[in-house]
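Counting convention: from 1, in listed order, for ligands and their atoms alike. Heavy atoms only: backbone and side chains are in, while hydrogens, waters and symmetry mates are out.
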Amino acid sequence: SDPRPVLQVQGLTVSYGKVEAVRGIDLELRAGEITTLVGANGAGKSSTLLALSGLVRKAGGRVLFDGQDLTHLAPHRIVASGVVQVAEGRAILSTLTVRENLELGAYTRRDRGERAADMARVHELFPVLAERADGLAGNLSGGEQQMLAIGRALMARPRLLLLDEPSMGLAPIIVQGIFRTLREINRAGLTIFLVEQNVRQALKIAQRAYVIETGRIVLQGSGRELLDNPRVRQAYLGG
Ligand code: ATP
């Protein structure tokens, strides 16, 4: 039987003045799955994610998470509901240590024991963050900063993790490592929504996928189906 839908997006619209970036899209994320939204530069992926996080206004539509209506909630309330976005562009705090950056991710949580357990789990996923715990975050490489951004989001104990192009600007070998870790986190039970321009890698790890073009969903299916889809191959995978 199919896992239950945990996030439902109905008719989501995002506008910047006269520019309609997202034009009434429907999405369904199932519990315990990786769902990806792929598309070209400017297709409306970031706007979709920002709207889910409450960081841009929704011009229309509804967002339901596990029975709760998130449509009109402020960003911090959305985080408190368990929907946590990995900071954009690896927006880590470069003058703080790696450990301090991770602790910031857990700032809303009081239980020290739980926070320590989560820190240990993040260190297990990303050993380099343990090795560099007392070093300044600004001295990490691009790939390590992306790991730190993901680690920081995990410290908030998400029930749904949102990521905006974690592969951006990273070497292929580093991207593979990041994607492998996302799959590992997912296998441990976390639901993931991944927005990507790296269509091939995203479709490979996603159970469910949507293709967005100029603000509209044009294709959907399993990751496997879309990898094999002639139109996807032609437009996004180099034929
Ligand atoms: P990218 O990979 O470049 O982030 P994207 O698929 O995430 O692309 P969006 O960033 O959501 O796409 O942009 C969708 C459309 O909205 C584009 O036409 C873009 O120029 C426009 N847009 C995005 N942000 C703004 C803004 N703050 N003001 C005006 N237009 C915007």
Glu184/Arg187 salt bridge by N-O under 4.0 Å criterion: no

Looking at Thr36 and Leu203, would you say the former's side chain and the latter's main chain have a donor-acceptor pair under 3.5 Å? no

Could you tell me whether the side chain of Glu28 and the main chain of Pro5 form a donor-acceptor pair under 3.5 Å? no

Side-chain touch Val6/Leu160, heavy atoms, less than 4.5 angstrom: no

Output, in order, the C-alpha distance, side-chain angles, deciding distance and verdict of side-chain contact (heavy atoms from CB on, under 4.5 Å) for Leu154 and Asp118. CA-CA 8 Å; Leu154 293 176; Asp118 290 352; over 6 Å; no

Under a strict 4.0 Å criterion on non-hydrogen atoms, which protein residues are in contact with ligand 1? Tyr16, Ala21, Ala40, Asn41, Gly42, Ala43, Gly44, Lys45, Ser46, Ser47, Glu165, Gln197

Please check this pair: side chain of Asp164 against backbone of Val195, looking for a donor-acceptor N/O pair closer than 3.5 Å. no

